[in-house]
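These notes concern the structure reproduced below.
Because the structure is a prediction, the values reported are computed rather than measured.
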Amino acid sequence: MLTIAIQKSGRLSEQTINLFRESGINLANGGKEKLKSKATNFPIEFLYMRDDDIPQCVSDQIADLGIVGENVVHEKSFSLSVEERLGFARCRLAIAIPKDMEYKTPQDLQGLNFATSYPKILKNFLDENQIDGTIHEISGSVEIAPSIGMADVIFDIVSTGSTLLHNGLKEVHTVLNSEAVLISNGQLNSNQRSELERLLFRFRAVNKAQNYKYILLNIPNDKIDDICNILPGMKSPTVMPLAKSGWSSMHSVIREDDFWENIENLKAMGAQGILVIPIEKMII
Ligand code: ATP
Ligand code: MG
């Protein structure tokens with residue numbers, strides 16, 4: 001049995017629960033009413049917690065594993081292993097300053113007052129850059145600190161930057177890039193290790209599928225070789241003759257990132273009737 005601490009409600013919880021669901025693991029109560037639940041079809045027990053408490057809970061071996069933002073893992077600085085990067089809740093911890101303030105290098109931050117919810121990460125950054133600064137820890141609404149005279153600049157989570165803009169701030173230096181991670185305390189027994197491997201196998205199949213699409217297209221037979229070069233597929237594309245002579249249907253897999261550029265190339269080579277379909281799971 002594996003015990004996993006996950007966020008009860010917040011920016012991580014929906015995608016965390018979706019990842020388990022798409023991995024075929026049924027969470028009995030979805031975390032809404034209960035603080036603890038067992039999966040019905042996998043040896044996992046879920047603990048629903050505030051994200052700030054997850055690193056300690058894993059470090060103290062109350063949970064074997066946890067899913068939390070890397071930013072929180074770094075701030076809490078327990079000795080924990082990252083078992084897998086999960087690719088969601090991407091954000092960064094960055095310094096932001098009033099939009100009219102001049103900034104060229106971190107040395108321009110000498111002697112300033114910083115407001116943040118991440119004092120440890122900020123202190124490490126200031127120490128590494130030999131910057132003298134005063135840190136004011138606040139637990140939320142960090143962006144308003146400069147406008148109310150609480151601090152000169154802030155160090156906070158940014159995803160799109162629109163909250164900063166609304167508060168007359170500009171981002172000048174990224175200190176940490178973060179995403180949701182699966183953490184462990186390195187104390188799993190061999191049964192738990194193999195359960196974790198089963199879980200990671202499923203997570204990877206789900207995450208990989210999200211980066212790829214299944215593509216079907218009709219192509220002139222004299223272009224099969226050229227198009228195979230663009231669409232190498234998992235081993236090689238499937239090519240089947242169409243009822244119309246001189247034409248074939250090709251099936252393959254394409255990376256989401258390369259998608260538009262490849263579609264343009266395929267059209268230029270005479271491909272027609274292109275269908276692109278999401279993939280639910282992908283096991284290579
Ligand atoms: P809790 O009530 O559990 O303490 P919280 O209010 O501290 O929650 P959330 O706002 O739910 O935290 O954010 C959880 C995590 O999601 C953050 O620690 C960070 O890793 C990530 N995150 C935060 N803000 C954003 C954002 N704007 N975009 C993407 N990810 C974000
Ligand atoms: Mg929190």
Side-chain angles (χ1 to χ4, degrees), residues 7 9-16 50-56 66-80 82 84-183 211 255-261:
Q7 191 187 27
S9 78
R11 288 177 199 266
L12 296 167
S13 39
E14 192 179 325
Q15 278 166 292
T16 301
R50 291 279 312 268
D51 68 345
D52 316 62
D53 299 328
I54 292 175
Q56 173 146 29
I67 292 183
V68 66
E70 254 176 317
N71 50 321
V72 174
V73 178
H74 282 247
E75 181 62 24
K76 301 294 174 187
S77 59
F78 293 102
S79 161
L80 296 164
V82 170
E84 189 77 354
R85 307 175 71 80
L86 300 173
F88 60 86
R90 285 184 199 276
C91 59
R92 53 197 184 272
L93 280 178
I95 310 265
I97 66 175
K99 66 178 185 326
D100 298 328
M101 189 177 140
E102 288 243 343
Y103 180 92
K104 288 202 182 65
T105 72
Q107 291 311 314
D108 295 331
L109 302 168
Q110 285 292 359
L112 298 182
N113 287 311
F114 294 76
T116 188
S117 313
Y118 295 89
K120 278 195 191 154
I121 299 175
L122 176 59
K123 179 156 190 331
N124 286 343
F125 167 75
L126 296 179
D127 289 350
E128 275 165 21
N129 288 278
Q130 288 151 16
I131 297 166
D132 262 333
T134 310
I135 299 176
H136 300 272
E137 182 178 352
I138 51 172
S139 58
S141 304
V142 177
E143 303 86 357
I144 64 163
S147 66
I148 60 172
M150 183 190 268
D152 303 306
V153 299
I154 67 163
F155 175 61
D156 200 16
I157 288 186
V158 185
S159 62
T160 61
S162 62
T163 315
L164 294 181
L165 277 180
H166 278 120
N167 287 282
L169 299 170
K170 62 180 178 190
E171 184 181 350
V172 292
H173 189 90
T174 299
V175 174
L176 178 80
N177 285 303
S178 175
E179 64 189 270
V181 287
L182 177 70
I183 51 169
N211 296 329
R255 268 187 76 86
E256 174 98 77
D257 292 348
D258 306 332
F259 177 72
W260 286 111
E261 198 184 327

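Of the inter-residue distances, the one linking Lys123 atom NZ with Ile135 atom CD1 reads 7.0 Å to the nearest 0.5 angstrom. In this structure, Leu122 CG and Glu137 CD are separated by 10.5 Å, a value rounded to the nearest 0.5 Å. To the nearest 0.5 Å, atoms CG (Leu12) and CD (Gln7) are separated by 4.5 Å. Residue Gln56 holds its CD atom at 10.0 Å from CG of Leu80, rounded to the nearest 0.5 Å. Remark: Asn177 CG to Glu70 CD distance equals 8.5 Å, nearest 0.5 Å. Rounding to the nearest 0.5 Å gives a distance of 10.5 Å between CD1 of Ile157 and OG1 of Thr163.
Note on residues 135-172: no pairs pass ring pair (Phe, Tyr, Trp, His ring centres under 6.0 Å), not counting sequence neighbours. Sorted by first and then second residue, the ring pair (Phe, Tyr, Trp, His ring centres under 6.0 Å) pairs involving residues 90-120 (not counting sequence neighbours) form an empty list.
The two residues Ile121 and Glu75 come nearest to each other via the heavy atoms N-OE1, 3.0 Å. In this structure, Val142 and Ala115 approach most closely via the heavy-atom pair CG1-O, 3.4 Å. Annotation for Arg11 and Gln15: closest pair O-OE1, 4.0 Å, computed over non-hydrogen atoms. Across every non-hydrogen atom of Lys170 and Met101, the tightest pair is NZ-O, 2.9 Å.
The shortest distance between side-chain heavy atoms of Asp156 and Glu143 falls below 4.5 Å. With a 4.5 Å cut-off on side-chain heavy atoms, Leu164 and Ile154 count as touching. Under the 4.5 Å side-chain criterion, counting only non-hydrogen atoms from C-beta, Ile144 is in contact with Asn167.
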field: Full working for side chain to side chain contact (heavy atoms under 4.5 Å, CB included) between Asn211 and Asp257
entry: CA-CA 8 Å; Asn211 296 329; Asp257 292 348; over 6 Å; no
message: side chain to side chain contact (heavy atoms under 4.5 Å, CB included) for Asp52 and Lys76? Distances and angles first, verdict last.
response: CA-CA 8 Å; Asp52 316 62; Lys76 301 294 174 187; 4.0 Å; yes
task: May I have the step-by-step check of side chain to side chain contact (heavy atoms under 4.5 Å, CB included) for Leu109 and Asn129, ending in yes or no?
output: CA-CA 10 Å; Leu109 302 168; Asn129 288 278; over 6 Å; no
message: Run the side chain to side chain contact (heavy atoms under 4.5 Å, CB included) test on Ile131 and Leu112 for me, step by step, so that the C-alpha distance in whole Å, both residues' side-chain angles and the decisive distance to 0.1 Å come before the verdict.
response: CA-CA 9 Å; Ile131 297 166; Leu112 298 182; over 6 Å; no
Side-chain donor/acceptor pairs under 3.5 Å, residues 88-97, sequence neighbours excluded:
{"unit_1": "Arg90", "atom_1": "NH1", "unit_2": "Glu179", "atom_2": "OE2", "d": "3.4"}
{"unit_1": "Arg92", "atom_1": "NE", "unit_2": "Glu171", "atom_2": "OE2", "d": "2.7"}
{"unit_1": "Arg92", "atom_1": "NH1", "unit_2": "Ser159", "atom_2": "O", "d": "3.2"}
{"unit_1": "Arg92", "atom_1": "NH2", "unit_2": "Glu171", "atom_2": "OE1", "d": "3.0"}

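A donor-acceptor pair under 3.5 Å links the side-chain atoms of Gln110 to the main chain of Gln130, judged by distance alone. Within the 3.5 Å criterion, the main-chain N or O of Asp152 finds no donor-acceptor partner in the side chain of Asn113. Looking only at distances, no side-chain donor or acceptor of Asp127 sits under 3.5 Å from a matching main-chain atom of Asn124. The closest donor-acceptor contact from the side chain of Ser117 to the backbone of Ile138 lies under 3.5 Å.
The environment of Gln107 atom CD is dense: over 12 non-hydrogen atoms of other residues, nucleotides or ligands sit within 6.0 angstrom.
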